[in-house]
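Just so we're on the same page: letters track the sequence lines, and every chain starts at 1. As the structure is a computational prediction, the values presented were derived from the model and not from experiment.
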Amino acid sequence: MSERKDFLRTIVADDLKAGKYDEVVTRFPPEPNGFPHIGHAKSIAINFGIARDYDGHCNLRMDDTNPTTEDTKYVEALKEAVEWLGFDWGDTVYFTSDYFPKIYDYAIQLIKMGKAYVDSLDEEEIREYRGTVTQAGKRSKYAERSVEENLDLFERMKKGEFKEGEHVLRAKIDMAAANMKMRDPLMYRIRHAHHFRTGNEWAVYPMYDFAHCLSDYIEGVSHSICTLEFENNRDVYNWVLDTLELEPPRPYQHEFARLGINYTVMSKRKLLELVQSGVVDGWDDPRLPTIAGYKRKGYTPESILTFCEQIGIAKANSMVDVSQLEFCIRDDLNTKVPRVMCVINPLKVTITNYEGSEALDASYYPDDVPKEGSRKLPFSKEIYIDREDFTEAPSKGYFRLTPEQPVRLKHAYIIECQEVIKDADGKITEIKAHYHATSKSGADTSGIKVKSAIQWVDAATAKEVEVRLYDRLFSCEAPEGVEDINPDSLKVIKSALIEPAVITDKPDERFQFEREGYFYADPVDYSDEKPVFNKIVGLKDSWGKKSKARKVTPKPQAKKVQVDGEVAPMSEAEQALFEKYQNELGLNSEVANTLARDEQLSSFYEAALSIHSTPVTLANMVSNEVARELKEKSASALKFTAEQVAELVKMIDDSTISNKIAKQVFEEMVKSGDNPAKIVEAKGLVQISDPSKIAPIIDDIIEKNPDNVAKFKAGNTKLLGFFVGQVLKATGGKANPQVVNALVAEKLQ
RNA sequence: UGGGGUAUCGCCAAGCGGUAAGGCACCAGUUUUUGGUACUGGCAUUCGGGGGUUCGAAUCCCUCUACCCCAUCCA
């Protein structure tokens, strides 16, 4: 586990430390209604990863509460994805549908508690009654039904006596709640549908809000981790578990930001659209961000997992750059896979001064990859190179073959262009070349310097293969739909030429085609007769970038103008108070404003002021520190009193304590409600202002940090704060910061 | 417009009152029989804006702004 924990792991570690749970139990709870994508991989990595890191367990649970959209083929895909990523869910895959009887019983219990009722409004009425975000809703008249009636109705709903939509079961919470999710959420609806696991046993199915929290509880989940869009549902989650008064411990929900990657889409709906419309070739199309797609393209599970680790976990909506993912797979494959030669766009080269044939030794790995292995490379008079590797009109910095510039054939000889043969249209059809017999790779005595070594294949022995060149599916960063499809997302090269060992020896299933990229033997369409390779990812190409000389006009980066909104006007009373604070008490306008606008704050301030009057210091304390506490709690819930705050301010005024210590004391007051004098006394927090006591400490710090002293003297004045901080730390915060500051500045002169 | 969230480099992301981590991308240079890899160096005087508190603020307070989520009998 890395040093720096993400916020979820911090929560888990804290809970464990506090003894809230004996064991951490997480769960990965997908709905089996679509193929998992890399966003699921992030969730899998988080849930299984946390369980692994804290010696806990992660359940794989199919959240199958909607019989109309779910299917067993998706549960297979989900299981496969988790397994492929290398995680173990133990003996059983859990299903929410297994808990239907229990969940039903909980519903009965809620009805008996008077906390749930059968509503018989129709769909449209329910929507109307719910109100809007700014308007409270109103309760259905059916909410008045007796417990007996509700029980009877619900039982009959279960038995299938009613049509779909005739009744629903709702929690009785609050139709005026500011959180729309709390306006009597639906818990059960009638569905006369065949469920892929429970068949026709049930006529009612629980809703997410009811089933999910209970499933978590039933499984003994400790941390229920989900994505941001469920933040509002957390209130319902807590309400259900709390009102049912379940035996503790119970799970708590925590949310993180879902993964977004540019140049792709991640929503199940859009993915389904792409598959069904035939824009792509199934759920495992290598252009899709599905796990199946990445797998088929040739990504390794390790690279996906590394990616998930690299992007981190946070709560800010974000869009990760694809290049981050591409880096992960390149980085993984670089040290793993053999290098071979494949010519994607062949151009015939005849070496006119070479006769016969030979087999050259060629290592599968470059020197910097510590792996063993090699193959024989047939070589003869006729070979193929890539068209890109020859030009008659080289641009500046072109390293490859030209009429004037020789080039090395990787693992073989240096050749020189003699003649360029063209067809009637002027298209180059063949190069006649000479080779240097003394330039053989590994035994070069020719002394010829070349600028690069290119890939090639022997014409007589090369195998024809199909190469599928995949590029990003969309041409814009934040695609909306099919209109943004990249027309060149797939280029099929039917007859690329590859060296024979790749086909006959099969040293691996993933390869680096030298100077091209990483490729994967397609697991579906590959056969020895017709080999097919998928491009996983290209190599980094700093030449291609340079030569294309994309003159991307630097966008005129108009600096964002910040518009300042209107500040709400003060009421008359607030205005009067504001003026009094400013004019009579001498507070600055900001502090006066803060105090005047908040009734709780101003009355707290006045109460303290009547006890001890240094208006300014006190106002600062109240408008900053007290304000923070009053945000969460009401004045009556505070442990400390106005009197105590006045006392604290007095100690600042008479220099008994520094401002810094005052904050520390205040924190203690918040927690314990003790008198400030008592806290100062108990902890010995009286400030040290005597320079003769502080000086030696400073000397010590200076001596221990020669590097920083040098940096400071070199002009890094920010380091003053560092030294002051160190001294303060050494004195437990008691040194008078002003004195320290002056002294440090003096000593570092 | 009510409620719930979020803002730190081009993209992710640490940071929790005392020197603005790290990765990707990018730019230079070294090595290289892959224009790959590896290595070295450069990339935020500043943390959405404006105020305030403090010796000291990305971190505390006030205020404004922008973006995301919520009015499915989906999850």
Pairwise N/O distances under 3.5 Å, protein to nucleotides 52-59 of chain B:
| from | atom 1 | to | atom 2 | distance (Å) |
| --- | --- | --- | --- | --- |
| B/G52 | O3' | A/Asn588 | ND2 | 2.8 |
| B/G52 | N2 | A/Asn624 | OD1 | 2.6 |
| B/U53 | OP1 | A/Asn588 | ND2 | 3.1 |
| B/U53 | O3' | A/Asn620 | ND2 | 3.3 |
| B/C55 | OP1 | A/Gln738 | NE2 | 3.3 |
| B/C55 | O2 | A/Asn741 | ND2 | 2.5 |
| B/A57 | N6 | A/Lys663 | NZ | 3.4 |

Contact class for [X] (heavy atom, under 4.0 Å): base, sugar-phosphate, or nothing?
{"X": "A/Ile126", "answer": "base"}
{"X": "A/Gly517", "answer": "nothing"}
{"X": "A/Thr132", "answer": "base"}
{"X": "A/Phe230", "answer": "base"}
{"X": "A/Gly165", "answer": "base"}
{"X": "A/Asn66", "answer": "sugar-phosphate"}
{"X": "A/Arg628", "answer": "sugar-phosphate"}
{"X": "A/Leu539", "answer": "base"}

Hey, is the side chain of [X] poking within less than 4.0 Å of OP1 or OP2 on [N], counting only N and O atoms?
{"X": "A/Arg183", "N": "B/G2", "result": "no"}
{"X": "A/Ser452", "N": "B/U34", "result": "no"}
{"X": "A/Lys631", "N": "B/C62", "result": "yes"}
{"X": "A/Arg597", "N": "B/U63", "result": "no"}
{"X": "A/Lys181", "N": "B/C69", "result": "no"}

Taking only the [atom1] atom of each, what is the distance from [N] to [M] in whole angstrom?
{"N": "B/C9", "M": "B/G5", "atom1": "P", "result": "23 Å"}
{"N": "B/G18", "M": "B/A58", "atom1": "C1'", "result": "13 Å"}
{"N": "B/C11", "M": "B/A25", "atom1": "C1'", "result": "7 Å"}

Whole angstroms only, please: what is the [atom1]-[atom2] distance between [X] and [N]?
{"X": "A/Glu566", "N": "B/U63", "atom1": "CD", "atom2": "P", "answer": "15 Å"}
{"X": "A/Ile261", "N": "B/A25", "atom1": "CD1", "atom2": "C1'", "answer": "15 Å"}
{"X": "A/Tyr581", "N": "B/C62", "atom1": "OH", "atom2": "P", "answer": "16 Å"}

**Request:** Please indicate whether A/Gln600 has more than 12 foreign heavy atoms, meaning atoms of other residues, nucleotides or ligands, lying under 6.0 Å from its CD.
**Result:**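 Result for CD/A/Gln600: enclosed.
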**Request:** Answer yes or no as to whether B/G18 has its base stacked against A/Phe722, where stacking requires a ring-centre separation under 5.5 angstrom and planes under 30 degrees apart.
**Result:** no
**Prompt:** For A/Trp543 and B/G35, do the ring centres fall under 5.5 Å apart while the planes stay under 30° apart?
**Reply:**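 A/Trp543 ring centre within cut-off of B/G35 base, planes near parallel; stacks.
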**Request:** Measure from the side-chain N and O atoms of A/Arg130 to the backbone N and O of A/Gly137, and report whether any donor-acceptor pair falls under 3.5 Å.
**Result:**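 Judged by distance alone, no pair lies under 3.5 Å.
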